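Chain letters run A, B, ... following the sequence lines, proteins first, then strands; residues in each count from 1. As the structure is a computational prediction, the values presented were derived from the model and not from experiment. Note that these values count all heavy atoms, side chains included, but never hydrogens, waters or copies made by symmetry.
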Amino acid sequence: MESYLAELNEAQRAPVLQKDGAMIVIAGAGSGKTRVLTYRIAYLMSKGVDAFNILSLTFTNKAAREMKTRIAKIVGNSEAKNLWMGTFHSIFAKMLRFEADKLGYPSNFTIYDTQDSQRLISAIIKEMGLDKDVYKYKQVYSRISSYKNSLITVKAYFQNPELQEADAMSKKPRLGEIYKEYVDRCFKAGAMDFDDLLLKTNELLNRFPEVLQKYQNRFRYILVDEYQDTNHSQYLIVKALSDKFQNICVVGDDAQSIYAFRGANINNILNFQKDYDDVKMYRLEQNYRSTKNIVEAANSVIDKNKTKLDKVVWTANDDGSKIVVNRLLTDGEEGRFVAGSIFENRMEHQMMNGDFAILYRTNAQSRAMEDALRKKDIPYRIYGGLSFYQRKEIKDVLSYLRLLINPKDEEALKRVINYPARGIGQTTIDKLSIAANHYKRSIFEIIEHLDKIDLKINRGTKNKLENFVNMIKSFQILNQTEDAFMVAETVAKKTGLLQELKKDGTPEGIARIENIEELLNGIRDFVEGQKELADATGSLSEFLEDVALATDMDKDTGDEDRVALMTIHLAKGLEFPFVYIVGMEEDLFPSAMSMNTRTELEEERRLFYVALTRAEKKAYLTYTQSRYRWGKLVDAEPSRFIEEIDDKFLDYMIPQEDYRYKPLIDTDIFGEVDKSKFRQTKPVNGTPPPSHKPTDEQLRKLRKLRPATTPEPVKDNGPSIKLKAGDEVEHMRFGKGKVLQIDGIGQDKKAEIEFEKGGIKKLLLKFAKLKVL
DNA sequence: CTAACTATTGTTTTT
DNA sequence: CAATAGTTAG
């Protein structure tokens, strides 16, 4: 016991040793907060706290598993097994299953994923006869989601004229109706969406004092990781559960709050001290992860934010190398550079593939990276994006499984009732759907009792429907005696799913079959793994719950040595010796959608902070001059975030002649580039290049000068003038001349021109006012 | 009712 | 450019 305390520094030890009471740990990036949480739990247990009385909410299930393993090493496996540890969603899903009947839900309720929810909303919008261009299902979904996360129920919505007005103002006066219908339909289907898992937990704890008491007594000690990313709904759950004993420890870093878009409220962490009596505050400010260069560069970035807690992250580590900045022509080049650089670094420093991460703002950026890595035979793994369980063929199998567990699950039913095609078309489904709404029953029940209602469905179709229901029922019977693997395998075969793909024969079809096989293997592993656990049986419903709430981080592939590719969001909490942050461009990072308000921009900046602080040894920032976006080559300019890092931490790989603001500053009005002002390509023997960075004032002016969007939508390639070598041109000042050569593309397109009087000049076409003769 | 075709529309970020 | 929603012919 004492031995591990020695592994902590003083700042870390203090919160570990405070057994009772409310406390907040402000933990800077890389300051060892997981270690603190782990040891704190171990310490509590060593002081006689029963594992059953500890609730630990983590950001991913993987983090929970890892912590559990580490705790098990200290206190022993049998003890650690009883800890309640996991994400908000998975912990409270568990709780809700147990208490479901109180809320009128079946304990085998389905968890709708985003796609299920959005499809349902789509259907509702259509049924209500609303204009789908006004009521965009994604917008409606996110609106409903944010209501739920703020605990605004349908009832509360209709009692709040302001909200209704706000929706009416955005031309969606009937949003409330959609909300109501959506909630009703979910309830009818015995389904909860992601937000419901939190909302219904609140409802449960509010409406049933005895339930609240039970869990308050159970969870005497509560720990919350990544507290800065909790939303209001989560905040209230934590508050309610910890209210009795007030043994609450929250850990987080306001500088790493990056989930406002899904309702996270940074005020939860900023105001924590007001929520409990006698809150102790601890700060972990020493960074053990990164070099001085990285830590200080990151500090200089986050300094630009106004909203933040007072905290100075520092490190005793070496200076390390500077952050490399490189500009590439296109996203393809960017990929090639990154892949090449990884290759070189791996050789030079004897690193593993797994020591490298490529981080990007949007999932769409992964493709260019993948292509380049594949060409160089560098193994990689993409995290996030379309997860395995969201692939069509996988969702199809899962939908059958869901349906047999919960026949009321309408989204699952609609998905598979006619796939593989069995002659049940849209018209039939519509009829069934209308009947289901009318009789307030599920479609499945309607089909079961087809003969009792006259639905103008012909005999043949009726037969097909009955066959379908009977097939599902046979699966249900099978599920009573067999394990999840056996059931799933039967489903894949008997439904004709596999056959459908086999007859397709294309490479994609074969890949899909392999995916289904992988799913089945996964189920088998799950069954075997779960059988060893005390509170699990390896049932199909447990598997489905796991799948619904699994993040891409959670599944550990028998980890081969691979370069990691992921969004910055997904990278939170991780660390890598070498980190490449790609796509450092305006409108991409910061995202074009996030530049409207200061708050949004600050969140983007925190995101950049998170990205930078993932790096242990060396960070690379890359951006392109033009990049393919929805199939078109679009001009790009460097992200303002590069500018925000103090130059002394940066090492530009490219001459700065074309650096974004340079042409504006160093080019005279006639477009002549002044070469004397070029920045040095590389600092000589480590001396930082002289800073020619424009002042903030200059930048602001420049940004104003720069049109917000492409001025000429047709030609997005910069200069309107089309020139080729050999053209005769006339320049305002230099007179007549002949084009020798054209260089660069887009904004940076230059022409080398031999003037009759002025000799050879290189002009930026963007500025040079040339007339073709 | 199915399958093949055409049109549209979208890129933040995730449990 | 992709994926998917919607349309149309058989």
_Using a 4.0 Å cut-off on heavy atoms, which residues in residues 127-139 of chain A reach DNA chain B? List them by number, or say none._
D133(A), K136(A), K138(A)
Please work out if [X] contacts a base, only the sugar-phosphate, or nothing of the nucleic acid, heavy-atom cut-off 4.0 Å.
X	result
I424(A)	sugar-phosphate
L570(A)	sugar-phosphate
Y259(A)	sugar-phosphate
D195(A)	nothing
S594(A)	base

*Quick one: on DNA chain B, does F194(A) or T427(A) contact a more 5' nucleotide (nearest heavy atom)?*
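Its nearest nucleotide lies further toward 5', so the answer is T427(A).
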*Nearest nucleotide by nearest heavy atom, which residue falls closer to the 5' end of DNA chain B, R629(A) or Q390(A)?*
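On the 5' side of the pair lies R629(A).
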Please state whether the phosphate of [N], meaning OP1 or OP2, lies under 4.0 angstrom from any side-chain nitrogen or oxygen of [X].
X	N	result
N61(A)	dT15(B)	no
T428(A)	dC1(B)	yes
T60(A)	dT15(B)	no
N418(A)	dT2(B)	yes
N363(A)	dT11(B)	no

*asked:* Is it true that Y147(A) and T153(A) share a donor-acceptor pair across their side chains at a distance under 3.5 Å?
replied: no
*For I457(A) and K462(A), which heavy atoms make the closest approach, and how far apart are they?*
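For I457(A) versus K462(A), the nearest heavy atoms are O-CE, 3.5 Å.
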*asked:* Measuring only between side-chain heavy atoms, which start at C-beta, is V183(A) closer than 4.5 Å to K148(A)?
replied: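 Yes - at least one pair of side-chain heavy atoms lies under 4.5 Å apart.
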When rounded to the nearest Å, what value does the distance between [atom1] atoms of [N] and [M] take?
N	M	atom1	answer
dG6(C)	dT11(B)	C1'	22 Å
dT4(C)	dT13(B)	P	15 Å
dT12(B)	dA5(C)	C1'	23 Å

*Heavy-atom donor-acceptor pair, R361(A) side-chain to dT13(B) base, under 3.5 Å*: yes
One thing to verify: whether [Y] and [X] come together as a salt bridge, which I'm taking to mean a side-chain N less than 4.0 angstrom from a carboxylate O.
X	Y	value
R402(A)	D116(A)	yes
E226(A)	K33(A)	yes
E644(A)	R640(A)	no

*Fit a plane to each ring of F109(A) and Y105(A), take the angle between them on a 0 to 90° scale, and name the class: parallel (under 30°), tilted (30 to 60°) or perpendicular (over 60°).*
perpendicular
*Kindly point out which of dG6(C), dT14(B), dT15(B) is positioned nearest to the side chain of H569(A)?*
dT14(B)
*asked:* Side chain of T114(A) only, heavy atoms from C-beta on: which candidate in dT15(B), dT13(B), dT11(B) is closest?
replied: dT15(B)
In whole angstrom, give the distance that lies between atom [atom1] of [X] and atom [atom2] of [N].
X	N	atom1	atom2	result
R422(A)	dA3(B)	CZ	P	13 Å
F261(A)	dT14(B)	CZ	P	6 Å
Y383(A)	dT14(B)	OH	C1'	17 Å
K94(A)	dT15(B)	NZ	C1'	17 Å

*Of Y623(A), Y360(A), F641(A), which is the lone residue that meets ring-ring contact (aromatic ring centres under 6.0 Å, His included) with F589(A)?*
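Testing F589(A) for a ring-ring contact (aromatic ring centres under 6.0 Å, His included) against Y623(A), Y360(A), F641(A) leaves exactly one candidate, F641(A).
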Extract from the structure each pairing of a protein N or O with an N or O of nucleotides 1-3 of chain C at less than 3.5 Å, listing the distance.
unit_1: dA2(C); atom_1: OP2; unit_2: R367(A); atom_2: NH1; d: 3.4

*Aromatic contact, F194(A) with Y112(A) (centres under 6.0 Å)*: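 No, the ring of F194(A) stays outside the 6.0 Å limit from the ring of Y112(A), centre to centre.
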_Are F261(A) and H569(A) an aromatic pair, judged by ring center distance below 6.0 Å?_
yes
*Should the pair K126(A) and Y137(A) be classed as cation-pi, given the thresholds of under 6.0 Å to the six-membered ring centre and 45° from the axis?*
no
